[in-house]
Amino acid sequence: MANYLDELNEVQKLAVQATQGPVMVIAGAGSGKTRVLTYRIAHLINNGVDAFNILALTFTNKAAREMKERIAKVVGESEAKSIWMGTFHSVFARILRVEAPRLGYPSNFTIYDQQDALSVMRKVIKDLQLDIDVYKPKTLLHRISQFKNNLITVRAYYNNPELMDADAAALKPKTGEVYQAYVERCFKSGAMDFDDLLLRTNEILTRFPEVLAKYQERFKYILVDEYQDTNHSQYLIVKALASRYENICVVGDDAQSIYAFRGANIRNILNFKKDYNDAQSFALEQNYRSTQNIVNAANNIIKNNRDQLEKNVWTANQEGNKIPVYRALTDADEARFITSKIFELKMNENFQEEDFAILYRTNAQSRALEEALRKKNIPYRIYGGISFFQRKEIKDLVSYLRLLVNKKDEEALLRIINYPKRGIGDSTIQKLLVYADEHHLSLFEVMENLNQHGPRLGVSSGVIKKLHDFTTMIQSFGVLLKNNNIYDLGLQIAKQSGLLNTLREDETPEGITRMENLQELLNSMQGYAEEQEQLEGGDPSLQGFLENIALATDADNENEDSNKVALMTVHLAKGLEFPVVFVAGLEENLFPSQMNLNTRQELEEERRLFYVALTRAEQQAFLTYSVSRARWGKIIDAEPSRFLEEIDDKFLDWVNPAPISTFNNSGLDESIFGGQPISHFERKRPKDFQKKKLNLSSKKDLKPLEKAKIQQGVSAHQELKVGQKVIHDRFGRGEVKALSGEPSNEKATILFETSGEKNLLLKFAKLRILN
DNA sequence: GTAGAGGGTCTTTTT
DNA sequence: GACCCTCTAC
């Protein structure tokens, strides 16, 4: 147990041993960051620091859990348990359970997720009678999130002419009113959204010095992982808590800051030394994860960014293979390539499914990949997307539970008041809402006192009865809550509310899945209760369970140790590593995203994202792009990502630069650009062509021309002649027997030596001509 | 009060 | 192609 220091290199060791005062660790990709954090905490404890005085903030729940396990191995289970370790959101939610009443929130406040927040926002905009096309709920929610993350409260907003002018200029002069109404509505429901968890923590630490002092004393040693991704609100919390003892250690990598859209401020890490003059800093530069080729290629990419701290990531690992770059014709083709590579590597090199990850920029890209994986019977798991707890059937049952914990939770109530159907329709609900508002009551308070309020609602006695029945049912669940564990409670609610029956009636495959999901939720309730009961200081309560799932992410779902290919966005892959990584969809407007091309900062973030993607790979990386892709249900053209050209060709292996049957897109008027036929040249010297083309693409004004070349450059008619010998990836050698079809849809009849005669669509068949 | 059809919008990433 | 909203018919 004492020899953990021997497992560290010199710099790592110094970072672990510098226990006092502010410390910054800049940790390059794969440089053993987690190891340093883990051993640093262990080292603190071994040197007499009370585990109880340590606060460690991580980016995901999973990271916290894993670190805790590793620490337990060094210092023992019971010590490790006392450390406060978790995400900002979960740690401060826990603190707010105690402290939030100071701000008028109930201690059993609900945590509104994105869906809830969106739904509140829609109602707010409707209430204020604003044009929903101008006041877009999502946009406003994002704007308000920015306000909150910068500690701009409603009042601060109204005191800030610049912000108000900006919103007025954006034709949204009522933004302040929306903000205010949104905040009030959440408050009335006893609910906090994600940003509130940080904002309200800040508010409490600022307004109540005695509370601040309490937590400063408690958290004498603070560690923050992924510091480059903290936002201003998080930054201020850390700063306040650390200001007494200044035993703060931040770990991160500016090159991996990828959450600006969520308010992350890369300046926090860039300016750490200004915040703490006497800060020691350490740079971990040796990469233990990846091959030289991967590390070098990644360095090629990131050096194009202007805003960054000096560092030189290197590795002593073996050189490794070059990184294949595959040019696909369609997204399906891309998926096919990836899956066949997986298949091949599994067969030939003894890889397991779990050794592979397929990373992409947007969740929507998973579809084509899934289809291809299913076709080849390769087990996979998708991370992210719609998480389990966001599913309708799950949220329905959870809403019953939420209402039990917090009767003011309006989102929950409105979701279930008429689901399953019990004849309480929109007009009734509207009347209830208006009445509750006028009398400053919550909806449920009105419903609990129907004797008093019922006659004044202006609804029929039949409806009153229905409302009464619903209220009685909820109250009876409240009784169950007192006498049962949460699993039994959940089961009873599912039965008595009619949810279970409604789902059972639906015998479609989707319906059956929903049923299974509900069962899964109940299982997880049981699992949670059992686990927490065994845990010292555990919280087996319903409230604890709800908080847990509100802040859970998909990646946290430790779904047994199944052997599956992982599919996820690059964002989700941060902090993970895989022997073989595919980065798919390396196309302009996709990666980098078209939304992030407006400023240098945005583009640099996309570049960091690509850097993160590539550095996930240990032994082998593959990069793929497609010249056409289905988006918005339409097929659109695509050009290779500018990031590909940023990597030196000596690290890359262009797999199939120019198949003769180029995708021929008819959407663009080819006559505009004219066209010298360049196809001949392309085919003979594919690599040069690639290079040239990519270089061209960096010059903006040449883009249209370059595009035109891709589209009409290599017409199959120019290339293919009857009698020509060709080779096909799957069918092998053959001879062209006939050509037919429109220019955009040409077909060739080819007699293959082994597979017989085939009729192939040239835009999909990858043929090479044999001379 | 409900169900189903049709039409418009949207997707970049997430605690 | 998914989702949400609105409209229409019962």
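Within every chain, numbering begins at 1; the chains are lettered A, B, ... in the order of the sequence lines, protein sequences first and strands thereafter.
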Atom-pair distance (CG on A:D131; C1' on C:dC5), nearest Å
14 Å
Hey, which of these two, A:T139 or A:S90, hits DNA chain B nearer its 5' end, going by closest nucleotide?
A:T139
Closest to the side chain of A:K126, out of B:dT15, B:dA3, C:dT6, is C:dT6
Quick check on B:dT12: is either OP1 or OP2 less than 4.0 Å from any side-chain nitrogen or oxygen of A:R262?
no
Output yes when at least one side-chain N/O atom of A:N363 is less than 4.0 Å from OP1 or OP2 of B:dT14, else no.
yes
So, is A:R367 near the phosphate of C:dA2, with a side-chain N or O under 4.0 Å from OP1 or OP2?
yes
More 5' along DNA chain B: A:T569 or A:R422, using each one's nearest nucleotide?
A:R422
Taking the C1' atom in each of B:dT13 and C:dC4, what is the distance between them to the nearest angstrom?
22 Å
So, are A:R608 and A:E605 salt-bridged, with charged N and O less than 4.0 Å apart?
yes
Roughly, in whole Å, what's the span from CD in A:Q390 to P in C:dC4?
12 Å
Would you mind telling me which of B:dT14, B:dC10, B:dT15 lies closest to the side-chain atoms of A:F194?
B:dT15
Please tell me if A:K392 has a side-chain N or O lying less than 4.0 Å from either OP1 or OP2 of C:dC3.
no
B:dT2, OP1 or OP2 - any side-chain N/O from A:N418 closer than 4.0 Å?
yes
Rounded to the nearest Å, what distance is computed from the CZ atom of residue A:R608 to the C1' atom of nucleotide B:dT13?
13 Å
With respect to the side chain of A:Q114, which nucleotide from B:dG1, C:dA2, B:dT15 is positioned closest?
B:dT15
Please state whether the rings of A:F389 and A:F545 are parallel, tilted or perpendicular, taking 30° and 60° as the class boundaries.
perpendicular
Less than 6.0 Å separating the ring centroids of A:F187 and A:Y105?
yes
Spacing of the C1' atoms in C:dT6 and B:dT11 (rounded, Å)
23 Å
What is the separation between atom CG on A:N598 and atom C1' on B:dT12, rounded to the nearest whole Å?
13 Å
Would you call A:K33 and A:E226 a salt bridge, taking side-chain N to carboxylate O under 4.0 Å as the test?
yes
Within the structure, does a side-chain N or O atom of A:S593 lie under 4.0 Å from either OP1 or OP2 of B:dT11?
no
Take atom NE2 of A:H142 and atom P of B:dC10, then tell me their distance rounded to the nearest Å.
15 Å
Any side-chain N or O of A:K136 less than 4.0 Å from the OP1 or OP2 oxygen of B:dC10?
yes
Below 30° counts as parallel, above 60° as perpendicular, anything between as tilted: where do the rings of A:F610 and A:F643 land?
parallel
The test is side chain to side chain donor-acceptor pair (under 3.5 Å); show your working for A:S399 and A:K395 and say whether it passes.
CA-CA 6 Å; A:S399 292; A:K395 277 211 96 172; over 6 Å; no
Atom CG of A:L118 to atom C1' of B:dT9: distance rounded to whole Å?
13 Å
Among the nucleotides C:dC5, B:dT13, B:dT14, whichever has the atom closest to the side chain of A:R361 is B:dT13
Winner on side-chain proximity to A:M595, out of B:dT15, B:dT12, B:dT11, is B:dT12
Just wondering, do A:F261 and B:dT14 stack (centres under 5.5 Å, planes under 30°)?
no
